[in-house]
There are 2 protein chains.
Amino acid sequence: MNEIRLIIADDHELFRNGLKELLKKYDDVHVVTCVADGVAFFEALDNEKNIDIVLLDIGMPHMDGFEVLNKIKALNASIKPIIISMHDDGNYIAKCAKSGAYGYLLKNTDQEELIKVIRIVSQGKKYFSPSISEKMINFMSVQSVSKDILSNKETEVLGLISEGLTTKEIAAKLFVSSRTIETHRANILKKLEVKNTAELIKKATQMNLI
Amino acid sequence: MNEIRLIIADDHELFRNGLKELLKKYDDVHVVTCVADGVAFFEALDNEKNIDIVLLDIGMPHMDGFEVLNKIKALNASIKPIIISMHDDGNYIAKCAKSGAYGYLLKNTDQEELIKVIRIVSQGKKYFSPSISEKMINFMSVQSVSKDILSNKETEVLGLISEGLTTKEIAAKLFVSSRTIETHRANILKKLEVKNTAELIKKATQMNLI
DNA sequence: AATAGTATCCGTATAAATACGGATATTATG
DNA sequence: CATAATATCCGTATTTATACGGATACTATT
């Protein structure tokens with residue numbers, strides 16, 4: 001029988017300890033240690049090896065869950081993070097998915113769900129429950145209103161800008177004068193209510209325009 | 001009994017007609033019309049009113065599924081698109097979710113799943129099956145390797161750049177000389193292997209850095 | 001103690017972007 | 001048909017960004 005070794009990272013002592021007690025019931029799960037923030041978590045990770053899973057709270061002091069996720073990802077560590085959050089914002093969920101979370105649970109999840117996700121994730125599979133996925137998908141589509149504020153040409157120019165082409169290069173590519181592209185640029189900035197290229201690309205990305 | 005009125009948009013005649021036949025079995029579903037591409041779809045939409053759902057193929061000539069999705073979204077139409085695709089790339093799935101799809105089915109889905117999704121979506125709810133969601137989530141986290149290539153200061157500067165601040169403004173904000181920020185900028189461009197701000201912001205977004 | 005990485009600063013120069021203001025031909029749209 | 005939006009073009013001026021090359025002080029790590 002392979003024991004699942006996990007760490008609990010949550011700044012609420014009661015929750016942390018409760019969770020630990022609760023997991024004692026399951027023979028295949030061993031809570032190696034509990035920590036109260038991201039910094040302590042990485043210290044613990046240095047001492048303990050062969051950790052399979054971390055149950056990770058998002059809202060922690062010092063180094064929050066997002067930072068921990070990103071750092072784990074950067075470290076290329078084999079530990080698989082499961083987020084335990086109070087919030088079911090699609091925003092949060094999508095961020096966690098992007099940052100490499102293997103699961104996302106709400107704090108009011110029932111035990112069956114919790115142990116189920118732990119077991120699935122311990123095998124290296126990701127699991128986001130249908131209701132969580134739904135929240136995320138809804139969020140993803142919320143953004144972006146109108147692709148229509150930009151004209152076709154403007155959209156085309158925006159695409160080329162985002163690829164790093166300069167005004168001159170774009171002009172050459174589209175067989176028009178640089179002044180034309182400059183005008184397009186100016187109009188795009190105006191329409192998206194931004195003041196320079198950096199902000200433009202950021203906003204366009206958010207709006208799903210490129 | 002509320003009849004579900006739907007349009008089928010797919011460039012493969014056999015598939016289109018087969019689907020239509022198949023849906024005849026269900027009394028609550030009425031296939032209003034079938035079209036072969038996006039342009040024809042919008043023409044049909046002009047003539048027929050009260051369409052609830054469109055079963056939408058991604059790979060169509062003239063105007064493909066993505067474009068149709070985006071246009072529907074822009075129109076703010078009440079019609080709810082369900083994607084029927086041959087591909088289960090997380091990439092495609094995520095794009096569709098972003099573009100407002102209400103469902104995503106593979107072409108080898110079984111009938112039960114199809115009619116189930118149609119009925120769920122007809123009530124205004126989105127439905128992406130667990131296996132489809134999983135593909136998408138896996139894709140989302142694939143990107144981004146190292147937050148570590150940038151130093152702390154560089155990351156900070158990058159964040160401010162992405163908010164549209166100029167070099168001078170950033171310098172003032174961080175109480176250093178403009179030349180320092182210029183150097184940071186140059187180093188960031190070098191590290192991310194891009195040649196200007198536009199490309200920088202795009203790449204940073206993809207890498208989940210901002 | 002030495003090395004590597006980071007943060008800070010400087011000069012010179014060119015290229016590119018942004019801010020004004022104005023104009024015409026074509027295409028949609030009411 | 002008239003109006004509005006679009007794509008195209010132009011000038012002038014200023015501000016920013018990018019490309020070179022070089023330097024010092026601090027920190028952390030070997």
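Every chain is numbered from 1 and lettered A, B, ... according to where its sequence line falls, protein lines coming before strand lines.
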Gap between atoms [atom1] and [atom2], on [X] and [N] respectively (whole Å):
X	N	atom1	atom2	value
Glu182(B)	dA15(C)	CD	C1'	14 Å
Lys153(A)	dT6(D)	NZ	P	13 Å
Leu165(A)	dA17(C)	CG	P	10 Å
Lys195(B)	dA17(C)	NZ	C1'	15 Å
Lys190(A)	dA17(C)	NZ	C1'	17 Å
Leu160(A)	dA7(D)	CG	P	14 Å
Leu200(A)	dA17(C)	CG	P	12 Å
His184(B)	dA17(D)	NE2	P	15 Å

So does [X] get a side-chain nitrogen or oxygen closer than 4.0 Å to the phosphate oxygens (OP1/OP2) of [N]?
X	N	result
Thr180(A)	dC9(D)	yes
Lys191(A)	dT6(D)	yes
Arg185(B)	dA17(D)	yes
Ser151(B)	dA7(C)	yes
Lys168(A)	dA16(C)	yes
Thr167(A)	dA17(C)	yes

Gly164(A) backbone acceptor or donor facing Lys195(B) side chain under 3.5 Å:
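Flag set: sc Lys195(B) to bb Gly164(A) pair under 3.5 Å.
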Okay, side chain of Lys20(A), backbone of Val31(A): is any donor-acceptor separation there less than 3.5 Å?
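Absent.
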Which nucleotide, [options], lies nearest any side-chain atom of [X]?
X	options	answer
Arg179(A)	dC10(C), dG21(C), dA16(C)	dG21(C)
Leu189(B)	dC10(C), dA19(D), dA17(D)	dA19(D)
Val176(B)	dA17(D), dC9(C), dC10(D)	dC9(C)
Asn152(B)	dA7(C), dT8(D), dC10(C)	dA7(C)

Using a cut-off of 4.0 Å on non-hydrogen atoms, how would the nucleic acid contact of Asn187(B) be classed: base, sugar-phosphate, or nothing?
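No contact.
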Quick one: label Thr197(A) by what it contacts on the DNA or RNA (base, sugar-phosphate, nothing), any heavy atom closer than 4.0 Å.
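Contact class for Thr197(A): sugar-phosphate only.
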Quick check: Phe139(A) with Tyr92(A) (ring centres under 6.0 Å apart)?
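Centroid separation for Tyr92(A) and Phe139(A): 6.0 Å or greater.
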Given Ile79(A), which partner from the list Ile72(A), Leu6(A), Asp52(A) fulfils the side-chain contact (heavy atoms from CB on, under 4.5 Å) test?
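Per the side-chain contact (heavy atoms from CB on, under 4.5 Å) rule, the option paired with Ile79(A) is Ile72(A), out of Ile72(A), Leu6(A), Asp52(A).
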Phe66(A) pairs by side-chain contact (heavy atoms from CB on, under 4.5 Å) with which of Leu56(A), Ile83(A), Ile58(A)?
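That would be Ile58(A); it is the only one of Leu56(A), Ile83(A), Ile58(A) passing the side-chain contact (heavy atoms from CB on, under 4.5 Å) with Phe66(A).
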Given side chains that start at C-beta, do those of Asp10(B) and Lys107(B) come closer than 4.5 Å, heavy atoms only?
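Yes, at least one pair of side-chain atoms sits under 4.5 Å.
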Donor/acceptor link under 3.5 angstrom from Ser177(B) side chain onto base of dC10(C)
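Such a pair does not exist between side chain and base.
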Position toward the 5' end of DNA chain C (nearest nucleotide), Asn196(B) or Leu174(B)
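The residue mapped nearer the 5' terminus is Leu174(B).
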